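What follows is a set of notes on a single structure, which appears directly below.
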There are 2 protein chains.
Amino acid sequence: MSGALNSTSAALLGLLHEGPLTGGQLVTQADQRLGPLWTLTRSQVYRELPTMAGRGYVRAGKPGPRASLAYTISASGKRAFAAWLASPLEADHPRNPLLLRLGFGSYHDKADLRRLVGEAQEQHEVSLAIHKETVDRLRKTKADPYALASAECGIAYEKALLKWLDTIPT
Amino acid sequence: MSGALNSTSAALLGLLHEGPLTGGQLVTQADQRLGPLWTLTRSQVYRELPTMAGRGYVRAGKPGPRASLAYTISASGKRAFAAWLASPLEADHPRNPLLLRLGFGSYHDKADLRRLVGEAQEQHEVSLAIHKETVDRLRKTKADPYALASAECGIAYEKALLKWLDTIPT
DNA sequence: ATAGCCATGTAACCAGTTACATGATTTC
DNA sequence: GAAATCATGTAACTGGTTACATGGCTAT
C-alpha cells in the first residue's frame with residue numbers, strides 16, 4: 001500500500017522524530033523550524049494527521065486539554081519518512097506575483113509601475129531582514145548547519161531579487 | 001458586484017487584450033508569454049472562462065471546430081483588468097522543495113544529501129539555460145522590455161541559487 | 001477510407017486558504 | 001468568579017493537478 005508521501009506529511013513525520021506532538025504543537029514547530037521556507041497551515045496539519053494515522057504512520061495518544069491528541073510516529077512512519085528523503089527531488093516552480101504583473105508591463109502606466117516596483121522592494125527588504133536575523137540567531141545558537149544553510153538561501157534569494165529590481169526600466 | 005480578480009483571471013484578461021482567443025489558444029499564449037514565470041494549467045483556463053463570462057468580463061463567440069469558443073474581452077473586463085493592475089501587489093511566498101528536505105538535513109545520510117544537492121544543481125542549470133535562451137530570443141526580437149526583464153529575473157534567481165548550492169556543507 | 005495521433009475540453013481529486021465555533025486560561 | 005482573550009480544532013471554499021473522454025486531423 002501507500003503511495004509516496006506528500007510534502008506536508010513528510011514535514012510532519014520529520015518533526016515527530018523528536019517526540020510526540022499535538023496538532024497545535026506541530027503547527028508551532030513547523031512555523032519555527034521550517035518557517036518561511038515551507039509554509040504549512042493549521043488546517044493542513046489537522047487534515048493530514050488522521051490520514052496518516054489511518055495509514056499507520058502515526059498513533060494518537062489519550063485526549064488532552066481541549067480534545068487535543070498527541071501523535072507518536074510509528075516504525076512504519078519512520079520508514080515512510082526515510083523513503084521520502086531518498087526519493088527524487090520535486091521540481092521547483094517559482095510563481096512570483098510580481099512577474100505576472102510585470103509580464104503586462106506595457107499596460108501599466110508609469111506611475112503604477114513605479115509603485116509596483118516600490119512595493120516589491122519593500123516586501124523583499126522585509127524578508128531579507130527576517131532572514132538575516134534568523135541567520136544571526138542560528139549562528140549564535142550553533143544550531144543545525146542545515147537550518148543555517150536554508151536561511152542563507154533566503155538571503156541569497158532576496159538579495160538577488162532586490163538587485164534585479166533596480167534594473168527594471170521605469 | 002465583483003470582488004477583486006484572482007491572478008488566473010487577470011492573466012487571461014491581459015492576454016485577451018490583443019484579440020479574441022479560444023481556451024486552447026489562451027493556454028498556448030499563457031505558456032509562451034508568461035511561461036515559466038507564472039504557470040497556468042489547461043483546466044484552470046477552462047474553469048475560469050465560463051466564470052468570467054458570467055461576470056460579464058468576456059463574451060463567447062460562435063462554437064468553432066471541436067466545440068471551441070473564442071472569447072472576447074468586454075469593456076467591463078478591461079476595467080477589471082485595469083483595477084487589478086492598480087491593486088496592491090500580493091506577497092511572494094517562495095515554497096522550495098529543496099529547502100524542506102534540507103530542513104531535515106541531519107536525518108539524511110551523506111550520500112543522500114549529496115544526491116539531493118546534485119539533483120537541485122541539475123534542475124537549476126536547466127532552468128538557467130532556458131531563461132538565457134529566452135533572454136537571447138527577446139533581445140533579438142526587440143520585444144517588450146518587461147518580458148525581457150522578467151526573463152532576466154529568472155536568470156538572477158537561478159544564478160543566486162546555484163551559487164548558494166555550492167556553499168552547502170556536505 | 002481507416003488507423004493512429006494529437007489537440008481540445010471535462011471531471012474528479014488533492015492541496016492550500018479563509019473564516020468560524022468552541023472551550024481553556026488569564027486578568028481584573 | 002465573570003469577561004475577555006487566545007489557543008485549538010473544524011468546516012467550507014478556492015486554486016492547482018492529474019487523469020480521462022472525445023472528436024478533428026494526418027498519413028498511409
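Bear in mind the structure is a predicted one, so any value in this text is a computation, not a measurement. Numbered from 1 within each chain, the chains take letters A, B, ... in sequence-line order.
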Taking [atom1] from [X] and [atom2] from [N], how many angstroms apart are they, rounded to a whole number?
{"X": "B:Leu5", "N": "D:dT14", "atom1": "CG", "atom2": "P", "answer": "15 Å"}
{"X": "A:Arg42", "N": "D:dC6", "atom1": "CZ", "atom2": "P", "answer": "14 Å"}
{"X": "B:Leu69", "N": "D:dG23", "atom1": "CG", "atom2": "P", "answer": "15 Å"}
{"X": "B:Leu40", "N": "D:dG15", "atom1": "CG", "atom2": "P", "answer": "12 Å"}
{"X": "B:Glu90", "N": "C:dT18", "atom1": "CD", "atom2": "C1'", "answer": "16 Å"}
{"X": "B:Leu12", "N": "D:dG16", "atom1": "CG", "atom2": "C1'", "answer": "14 Å"}
{"X": "B:His93", "N": "C:dT18", "atom1": "NE2", "atom2": "C1'", "answer": "13 Å"}

Lys/Arg N to Asp/Glu carboxylate O, [X] vs [Y], below 4.0 Å:
{"X": "A:Glu158", "Y": "A:Lys132", "result": "no"}
{"X": "B:Arg137", "Y": "B:Glu133", "result": "no"}
{"X": "B:Glu152", "Y": "B:Lys159", "result": "no"}

Tabulate atom names and distances for all N/O pairs under 3.5 angstrom spanning the protein and nucleotides 11-15 of chain C.
from: C:dA11; atom 1: N6; to: B:Ser43; atom 2: OG; distance (Å): 2.5
from: C:dA15; atom 1: OP1; to: A:Asn6; atom 2: ND2; distance (Å): 3.0

Does A:Arg33 make a cation-pi contact with A:Trp38, if we ask for NZ or CZ under 6.0 Å from the ring centre and within 45° of the axis?
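Judged by the rule (NZ or CZ under 6.0 Å from the ring centre, within 45° of its axis), A:Arg33 is not positioned above A:Trp38.
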Interface with DNA chain C, restricted to residues 14-26 of chain A and to heavy atoms under 4.0 Å
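Within this stretch, nothing sits under 4.0 Å of the strand.
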Trace of the side-chain contact (heavy atoms from CB on, under 4.5 Å) decision for B:His108 with B:Arg101:
CA-CA 9 Å; B:His108 282 277; B:Arg101 285 159 182 272; 4.2 Å; yes
Backbone of B:Arg47 reached by a side-chain donor or acceptor of B:Thr51 within 3.5 Å
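Side chain of B:Thr51 to backbone of B:Arg47, a donor-acceptor pair under 3.5 Å: yes, one is there.
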Any sub-3.5 Å donor-acceptor pair from A:Ser74's side-chain atoms to A:Gly56's backbone N or O?
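Indeed, once roles are kept as given, a pair shorter than 3.5 Å links the two residues.
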Once the angle between the rings of A:Phe104 and B:Trp84 is folded into 0 to 90°, is it parallel (under 30°), tilted (30 to 60°) or perpendicular (over 60°)?
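Judged by the thresholds at 30° and 60°, the geometry between A:Phe104 and B:Trp84 is perpendicular.
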